[in-house]
Amino acid sequence: MPADPVSKLAAALASAAGADVELERPGEAEHGDYATNVALRLAGTRRQAPREVAAEIAEAAAGLEGVERAEVAGPGFVNLFLRDEWLSAALAEILADEDAFGGGGVGEPERVQVEMVSANPTGPLHVAHGRNGAYGDAIARLFALAGHVVEREYYYNDAGGQMDRFRASVEAARRGEEPPEDGYRGAYIEDLAALKGDPVPLMLKEIETSLERFRIHFDSFRRQSELELLLPELLPRLDTYEKDGALWARSSAHGDDEDRVLLRSGDRSPTYRAADVAYLVDKLDRGFDRAIYVLGADHHGTRNWYAAVARMLGYDPERVEVLLYQMVNLTKGGEQTRLSRRRGDIVFLDDFMDEIGVDAARWYLVNRGPDQTIDLDVDLASERSQKNPVYYVQYAHARIAGILRNAPDNASNKLLLAGPLAPEERELVKRLAELPSVVADAVEKRGPQGVPAYAIRVADDFHRFYHEHRVLESEQQEFRLGLCRATRTVIARCLGLVGVDAPDRM
RNA sequence: GCGCCCGUAGCUCAGUGGACAGAGCGGCGGACUUCUAAUCCGCGGGUCGGAGGUUCGAAUCCUCCCGGGCGCACCA
């Protein structure tokens with residue numbers, strides 16, 4: 001059973017009250033340590049006045065261990081005021097769980113594949129790919145913490161016309177000529193032209209180097225060219241028809257918005273849609289319970305396509321999940337840059353990392369919900385790096401590391417209370433206890449943005465505590481050292497989830 | 001035209017049914033002989049795009065409208 005003191009309290013209250021209870025932290029101190037609106041919810045079905053129901057629940061709550069008193073307030077809220085002993089026990093539970101705290105909570109662990117980035121190897125990764133990776137990797141880390149078995153995969157579209165144009169562009173540069181009409185241009189093409197051999201493997205190498213630098217480690221890579229070999233066997237299993245000399249999937253009959261071409265008229269070469277089919281089968285037949293695709297919002301039309309393919313082949317479409325994220329707009333010196341590949345003014349992920357650092361880059365790209373377009377001023381993000389929230393959080397971690405460095409080796413781990421807890425101590429413990437629900441919420445919503453937001457609150461509560469109280473050589477040294485250790489764990493966990501370092505010194 | 005997403009403080013954004021709507025940045029004013037001042041404290045700042053509706057209760061759910069982004073290939 002993973003450590004989650006708040007859920008335990010809620011469960012105890014639920015059985016005392018005879019109804020499901022959710023606890024929330026009220027904004028006002030007068031409203032207690034935790035509050036529940038369960039009486040307001042129950043009043044309707046029980047045909048009782050909300051405050052009457054609340055009074056019953058408050059009475060039950062007051063009898064629970066650790067509860068000092070419970071009050072009915074407002075329209076029917078029940079506010080709980082907890083004893084210091086409850087907070088101390090909660091902290092002990094967090095510390096005992098150290099390595100796993102925040103995780104667990106999934107009933108059935110699944111084998112999950114997160115496929116992300118998957119940029120065509122026709123050029124270096126740019127910032128939009130960074131968002132894909134930052135988001136997908138955070139989801140992967142969240143799933144893993146929650147208890148699932150996760151693998152990360154990159155899919156190379158190494159076949160088709162774009163790859164031909166890419167090779168032709170490099171070849172042209174080697175001959176000192178202009179690239180073809182729809183070709184690729186830019187300094188990186190010149191760089192590749194200066195090297196020998198097929199530019200594609202060189203590009204793959206460069207992409208993989210960028211990804212490692214961005215702290216995303218892939219377990220596997222799949223290639224479109226390999227998957228296409230499976231098509232002769234797979235296509236007959238689909239619902240298809242011939243039209244205008246091409247082979248079409250009747251996907252609209254299976255939930256897609258329209259039918260899709262699988263084999264082109266003329267040379268009957270496979271479209272990338274055909275490769276999608278092979279890849280989906282490949283994923284599901286490798287035994288993943290869940291295949292997660294991370295795609296930019298410009299691909300939202302493919303959501304129904306994947307589900308339709310799964311249905312046509314007799315797989316449960318629930319196993320296929322498409323996560324979408326909105327675009328990234330960078331501004332530099334107030335000037336907008338469009339992140340289109342065909343132009344020279346794009347900002348590459350490596351440039352972005354050079355400019356603002358890997359930590360800030362990872363942070364900024366998951367900081368916002370996937371449905372939110374990111375507007376980011378690169379100059380601002382690097383110029384004001386001292387005031388970035390990411391450093392604020394890291395600083396809290398470094399401060400704690402400093403205290404623990406200076407702590408006596410023989411410090412006790414007992415958490416004995418030498419007196420009543422200060423408000424800052426109580427707030428910090430309650431904040432730390434929120435982690436399991438923050439993680440669970442992020443997993444459920446497929447949205448990691450709550451994690452950095454929460455990390456800021458933890459840092460906030462810690463800095464406030466630090467400012468008000470001395471840890472070493474204080475009467476509460478034991479408890480406070482425990483509080484520091486737990487805070488360090490929680491901050492490190494949050495930063496780890498979004499791929500940011502947790503430094504011991506700054 | 002159809003589909004997806006967004007519209008919350010000067011700026012960038014949290015907040016998807018609960019108690020007077022939050023944070024960072026920016027602005028103004030304070031706090032360092034003490035474990036890291038990359039910190040802390042205070043002040044100012046909002047018709048939650050608009051209009052209806054559901055609800056004891058709506059930024060949050062429903063409908064319509066307005067504004068913005070992105071799609072709607074035998075490219076990937």
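Residue numbers start from 1 in every chain, and the chains themselves are labelled A, B, ... in the order their sequence lines are given, proteins ahead of strands.
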Write down the distance separating the C1' atoms in B/U8 and B/U60, rounded off to the nearest Å.
->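 B/U8 and B/U60 have their C1' atoms separated by 12 Å.
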Taking atom P in both B/C25 and B/U39, compute the distance separating them and give it to the nearest angstrom.
->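 Each nucleotide's P atom is 8 Å from the other's.
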Check this for me: does any side-chain nitrogen of one of [X] and [Y] sit under 4.0 Å from a carboxylate oxygen of the other?
| X | Y | result |
| --- | --- | --- |
| A/E427 | A/R25 | yes |
| A/E115 | A/K283 | yes |
| A/R457 | A/E434 | no |

What's the closest nucleotide to the side chain of [X] if the choices are [options]?
| X | options | value |
| --- | --- | --- |
| A/S265 | B/C75, B/C74, B/C35 | B/C74 |
| A/H31 | B/A19, B/C72, B/C74 | B/A19 |
| A/Y391 | B/C40, B/A38, B/G17 | B/A38 |
| A/N79 | B/C20, B/A19, B/C6 | B/A19 |
| A/R470 | B/G18, B/U34, B/C74 | B/U34 |

Residue whose closest nucleotide on RNA chain B lies nearer the 5' end, A/R464 versus A/Q449 |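 By nearest-heavy-atom nucleotide position, the 5'-most residue is A/Q449.
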Which comes earlier along RNA chain B counting from the 5' end, the contact point of A/P389 or that of A/D257, where each point is its nearest nucleotide?
->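 It is A/D257, whose closest nucleotide lies nearer the 5' terminus.
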Enumerate the residue pairs fulfilling salt bridge (charged side-chain N to carboxylate O under 4.0 Å, His left out) with a member in residues 497-506 of chain A, sequence neighbours excluded, ordered by first and then second residue.
->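 Listed once each, the pairs are A/R215-A/D501.
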Which is true for A/G402 with a 4.0 Å heavy-atom rule: it touches a base, it touches only sugar-phosphate, or it touches nothing?
->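 Since only primed, P, OP1 and OP2 atoms lie under 4.0 Å of A/G402, the category is sugar-phosphate.
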Answer with base, sugar-phosphate or nothing: what part of the nucleic acid does A/D460 contact at a heavy-atom distance below 4.0 Å?
->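 Contact class for A/D460: sugar-phosphate only.
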Would you verify whether the NZ or CZ of A/R399 falls within 45 degrees of the ring axis of A/F462 while also being under 6.0 Å from that six-membered ring's centre?
->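 Not flagged: A/R399 not positioned over aromatic ring of A/F462.
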Just wondering, do A/H300 and B/G71 stack (centres under 5.5 Å, planes under 30°)?
->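 Here the ring of A/H300 and the base of B/G71 are not stacked, as the 5.5 Å and 30° limits are not both satisfied.
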Ring pair (Phe, Tyr, Trp, His ring centres under 6.0 Å) partners of A/Y155, counting only residues at least two apart =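 Residues passing ring pair (Phe, Tyr, Trp, His ring centres under 6.0 Å) with A/Y155: A/Y279.
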Runs of at least three consecutive pairs that involve RNA chain B, where pairs are Watson-Crick or G-U with distances under 3.5 Å =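 When the pairs of RNA chain B are grouped into runs of at least three, the stems are B:1-7 with B:66-72, B:10-13 with B:22-25, B:27-31 with B:39-43, B:49-53 with B:61-65.
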Any [X] side-chain N or O less than 4.0 Å from OP1/OP2 of [N]:
| X | N | value |
| --- | --- | --- |
| A/Y392 | B/C40 | yes |
| A/Y466 | B/U34 | no |
| A/Q477 | B/C35 | no |

